[in-house]
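Computed from a predicted model, the values in this text were never measured in an experiment.
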Amino acid sequence: MPVGRLSDKISPWLIALLVVQLTVVLSFLGYRAWNNTSVECVRCHADKKKLEKLNASWAYVKQEDVEKESHHPYIQCRDCHLGNGRAKDKEKAHRGMLKMLIVGTNGNLIPRQSGYPGPLRESGDDEMFALMPKVRVDGELYMLDYVRNILWHDRDTRTFGFDPEIAAKTCGKSGCHPEELKQFKHTIMGRNYRQRTMRTWLKPYGPHNCGPSFADLPPPEVLTRAGFDYRNTEEIARELNTGFTKEQAEAKQKFCNVCHAGCLDCHYKPSNKKGRHNFVRKPDAKSCSGNGRGASTCHPGAMVSRRGETYIGGDYSIPQGMAPDVHYKKGIQCIDCHPTGEKGMGDMERNASCQDCHIDAEDAHSEDSLHKDMDCATCHISKLGGYQITIWGPGTVGEKPNPFHKYSLYYGVQSPPILMKDQKGIWMPVKVWPHSVGNIKVDVKPSGSVRFRWPKGETRDAYYIVGTFDNLPGNNKHLLWVEIEQAAHPLGKARECESCHASESQVAKSVWEFNDYDGADTFRGRHRIIADSNGLRFVDMENTTPIKVYPGYKLTDFASWIYLKDKWIVPGDFSIRTDRAKYRRYLAIYNKIKEELANIEKKIPPDDKKKKRRFKELKERVVHDLDRAEEFLKQYRGNTVQ
C-alpha cells in the first residue's frame, strides 16, 4: 500500500465540505442551546409593574420560588410549559405553550382571563371544590357556573385525555422522568384499559354505569397517543333506534376523559401554603380525590359517586358530610395500602391487605373461625353513598342535544350494604342500584344469573342484565340492568351481629335526592333493596316530593323507573343462612366478651402506652376468634400474652 501525505489523499473540495458540515452542526447545536432557555419568561413574569399593566398581576413569579415550590432545582419554565423562552413578544413567547385547561360546561376550552380570573389558589369552604374558579358577589364566594373542570397541561386540548406525547416533551423527557413515563404507559391506569375495553352497551360484557367507550381509542398494549376513534361510535349507533353522531360521541367522550389521570393529576399539588408550583413525590389521599377540582376528576367519579365509598369523608363524600375511613383519621394515605406494583409508576395494587398492620385480627380470622369466608369490609362498612339510581336518556351534553345524558345525580345513602359472595365464594359488601338506558333497538334477554365483569378476579364487580322493556310513553326500548360493585371503604366500627343474623333476608334502605341540571327540578325519593333466597329486588320505589318536569323533557328521559318499579329483579340466593341455635350461643359469648373488654379498658391508665397496645392486640384476637376468646383472656389476665 503506497504511503504518502494526508493532503495527497484528501481533495480541497472534501475538506471544504467537511468544514461546512461541521459549521452547520455546531451552529445547530449552538442555536439549540441558546434557544433552550427561559430567560425572557423569568424577566417578564418577575416584573410586577409590567404584569399590572397587562392586568395579569396574578402571574407574578420568581425563578427561585418555582425551584423551591416544585422541589426541582435549576428547573426552567420551558421544561414544563414549553413555549419560546427567548421571545420578548407575548404572542411569540406563548406560542405552543402548555397551560391549565379550563373546560366550560359546553365542552369547549375557556380563556384564562374569563375562565379563571386571578391566581390559581384554594378558596371557599368546600374542600372538594377548593381549586375551582370563583367570584365574590355581595361578600359571598360563588363558583363560575360556566366552568365544568380544570385540567392540568399534560392533557390533549381536543379530547381532554392524558397525552403521552406531551408528557414525553415535559415530565418524561431525557434527564427528567423518562423511565417513569415508560412504566406508566404500560399500566391499567395509564392505558385506561378497563374503560376502553367497553365497546358498546353489551360488548364485550354487559352494560356499565359509566357507559361504553363512546369515541375513544381501543385499549392499547402501550399508550402512545391521545385521540378519538369512531369504531365504537358506529357500533353503538347500530344498536339504537335514534340518531347518534360523531359529534355527540365526541362530546360524551371528552367528559369521560376528564376523570382519568395523567402524571400531573397525581404529582402536581398547588396549595395556598406551599405554592402554585408545588409538586409531591408521594401523592396523598386528596391528590387521589382530585385535590379540590370537583366531583368528576380522579377517584370522586369511580369511588365516591359510583361505588358510594369515601376515604376522606366530609366534603370529599357524596352526600357530603359522611364519616371518613378510620385509617384516614390515623393519617394513613391511599398508597400506604395500595403501593406501586410490578409494572412501576401508576401500577397501583388494587387489593390491599389488612394483615400488614392487623396481624392478630388476620391470624384469628384466617384460621378456622366463624367468619373465615368474609373479607374485613363485610363487617366494617355500614353505609354507602353516591348514585342510588342511574338513567341514561335524551338530554344535553356540552349544552347540545344528545341521546346519552347520564341522569346519575340521584345522590343518597344506602344502608346497610347488601352482602354477597365473590368469584371465590368470599362474602363482601356491595353497592347495588338500578339502571336503564333508552332507545335501544335490539331485544336483549336477561343474563340468567349474576355475572362478574372480570371472571378471573381482576375486579370483584358484577352486573345482572334484566332485559329490554317496551310500551313506555317514550324512548323505547329500555335496557335494564343492576350494577353490583364491591365496596372497600369507609372502614369503621363493625356492624352489629343482628344486622346480618336477625333474619336470613337482607334489607337495605336507600334515601336519595335528584339534583341533575337536566330533566326536572330537585325532588326526593326512596326505595328498599331486599336480598333473600328468592333473589335481589328493588321495592317501594317512590318520589317523596313532587316532580316538576322541565319544558321539553319527558319522565322517560330521566325517571323511567316510575314505569318500571317492579322490574329490577336479580335471580339467585342472596340469603344469609344461619344456624339459629349456634348463633344464639356465639352471640352470648360475644356479649360476655364485650362486657369484659369494656371493664379491662376502664382500668388502663390513659398514659400507659404499653398496656394500651397489649389491649388492642387482645381485642383484635378475641372478637375475631370467639372459640379461643377465653384462652386469650386468661393469657392476658396472667400477663402471658404472646
Practice task
Establish, for the pair Arg148 and Phe255, whether the NZ or CZ atom is under 6.0 angstrom from the six-membered ring centre and no further than 45 degrees off its axis.
Solution key: yes
Exercise for the section: Could you grab the distance from atom CZ of Arg451 to atom OH of Tyr205, nearest 0.5 Å is fine? Expected result: 13.5 Å
Handout entry: Asp284-Ser287 side chain donor-acceptor pair, cut-off 3.5 Å
Key = yes
Handout entry: Pairs meeting criterion salt bridge (charged side-chain N to carboxylate O under 4.0 Å, His left out) with involvement of residues 239-256, two or more places apart
Key = Arg158-Glu250
Exercise for the section: Taking atom types as modelled, find out whether His405 and Asp516 have a side-chain donor-acceptor pair closer than 3.5 angstrom. Expected result: yes
Exercise for the section: Give the ring-plane orientation class for Phe514 versus Phe558, where under 30° counts as parallel, over 60° as perpendicular and anything between as tilted. Expected result: tilted
Exercise for the section: Determine, step by step, whether Phe214 and Phe404 satisfy the ring-ring contact (aromatic ring centres under 6.0 Å, His included) criterion, reporting the C-alpha distance in whole Å, the side-chain angles of both residues, the deciding distance to 0.1 Å, and the verdict. Expected result: CA-CA 10 Å; Phe214 292 99; Phe404 294 129; 5.6 Å; yes
Exercise for the section: Determine, stepwise, if the pair Trp481 / Tyr463 fulfils ring-ring contact (aromatic ring centres under 6.0 Å, His included). Expected result: CA-CA 7 Å; Trp481 77 96; Tyr463 66 95; 8.9 Å; no
Exercise for the section: Find out whether His267 and Pro283 are in side-chain contact, i.e. whether some heavy atom of one side chain is under 4.5 Å from a heavy atom of the other. Expected result: yes
Problem - Any donor-acceptor N or O pair under 3.5 Å, side chains Trp201, His208 - result: no
Exercise for the section: Keeping the roles fixed (side chain from Arg155, backbone from Leu151), state whether a donor-acceptor pair exists under 3.5 Å. Expected result: no
Exercise for the section: Please confirm whether Arg194 makes a cation-pi placement over Trp454, using NZ or CZ under 6.0 Å from the six-membered ring centre and within 45° of the ring normal. Expected result: yes
Practice task
Before accepting this row, confirm whether a basic side-chain N of the pair Asp229/Arg231 lies closer than 4.0 Å to the acidic partner's carboxylate O.
Solution key: yes
Problem - Cation over ring face, Lys431 and Trp433, 6.0 Å, 45° - result: yes
Problem - Sequence-distant partners of Asp156, salt bridge (charged side-chain N to carboxylate O under 4.0 Å, His left out), two or more places apart - result: none
